[in-house]
Amino acid sequence: MTRTVFVNGEYLPENEAKVSIFDRAFLMADGVYEVTSVLGGKLIDFAGHAKRLERSLNELEIKKPAVFDDLLEIHRELVRVNEIEDGLVYLQITRGAPGDRDFVFPDPETTEPTVVLFTQNKPGLADSPAAKVGMKIVSIEDVRWGRRDIKTVQLLYPSMGKMMAKKAGADDAWMVQDGHVTEGTSNNAYIIKGNTIITRALSNDILHGITRAAVLRFAKEAQIQVEERNFTIDEAKDADEAFITSASAFVMPVIEIDGVSLGDGTPGARTARLREIYLDESRKAAI
Ligand code: PDD
């Protein structure tokens, strides 16, 4: 089956979809994105993603596209026509294609934002074997720009970070700034000590994860303490458990940091419980 994608108001077979070579995201990474997961054919936390998308657009002064209010319908239609039971919807909005390269932003009156959405089919997304095995993490310096709260498509360093981890025999990297963990290459980072989850507080240093917000809410409801504060890699190595969250990985255990096993080196019980609660509650609220 050829995948159907959405480009600037049209549903098209993926091989007919086109974006200009002058698109600002292609030339300058001038665009924002969202990834929304699909479980059982329904969208997880769509409202949270739409709200963050609007904030990202506002922060970069990118005009809201005309289809902004139709995004839920477009997501649903792509999930329907591509027969996605479990998977992801990727959405990207860029400052558009002014027809030349210029550092000055194009006039929003004459240059429309580019809107692209496509699905990724991932059967059994919530039953990923990695959730049972756990992830190995290496630490790397965080050399990204200072507005990581905006979900831009400027993902070269996170992608390089992922490759540094793979080359070191690990699964992902946690980035460190001034001695403290910021986040994973494409996820938020947590440690657990006793009955307390510790994760960096929200600021411009990290992406305000939609999964993070839900998991911290569920944790508090389950009487698990939450401390939003900085932590170091040494503190993480000494933690009882660790995990990451993202829209595509949900809650995923971490079993090793820079070669040091956490606890008994297997996924922790509290992390497993949080994953279960997150998946149950998210499926219930999916639309
Ligand atoms: N990444 N931090 C970073 C740097 C991220 O790229 C992501 C998400 C997160 C988690 O945010 P959320 O829970 O809203 O997915 C944190 C997506 C999944 C990606 O780039 O594929």
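Numbering of ligands and ligand atoms starts at 1, following listing order.
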Query raised in the report: Can you name the one residue among Glu183, Gln154, Gln177 that meets side chain to side chain donor-acceptor pair (under 3.5 Å) with Arg144?
Result: Glu183

Query raised in the report: Distance-only, no hydrogens or angles: does the Lys237 side chain make a donor-acceptor pair with backbone N or O of Gly259 under 3.5 Å?
Result: no

Query raised in the report: Which residue pairs pass the ring-ring contact (aromatic ring centres under 6.0 Å, His included) test with at least one member in residues 255-287, sequence neighbours excluded?
Result: none

Report task. Just jot down the side chain to side chain donor-acceptor pair (under 3.5 Å) partners of Lys18, sequence neighbours excluded, or say none. Result -> none

Requested in this report: With sequence neighbours excluded, tell me which residues meet salt bridge (charged side-chain N to carboxylate O under 4.0 Å, His left out) with Glu228.
Outcome: Arg212

Query - Phe105 six-ring face occupied by Arg95 cation (under 6.0 Å, within 45°) - result: yes

Just the distances, no angles: every ligand 1 N or O to protein N or O pair closer than 3.5 Å, one line each.
residue  : atom   : partner : partner atom : Å
ligand 1 : 1 (N)  : Lys151  : NZ           : 3.2
ligand 1 : 1 (N)  : Ser186  : O            : 3.3
ligand 1 : 2 (N)  : Glu183  : OE1          : 2.7
ligand 1 : 13 (O) : Ile210  : N            : 3.4
ligand 1 : 13 (O) : Thr211  : N            : 3.0
ligand 1 : 13 (O) : Thr211  : OG1          : 2.6
ligand 1 : 14 (O) : Arg52   : NH1          : 2.8
ligand 1 : 14 (O) : Arg52   : NH2          : 2.9
ligand 1 : 14 (O) : Ile210  : N            : 2.8
ligand 1 : 15 (O) : Ala247  : N            : 2.8
ligand 1 : 20 (O) : Tyr33   : OH           : 2.6

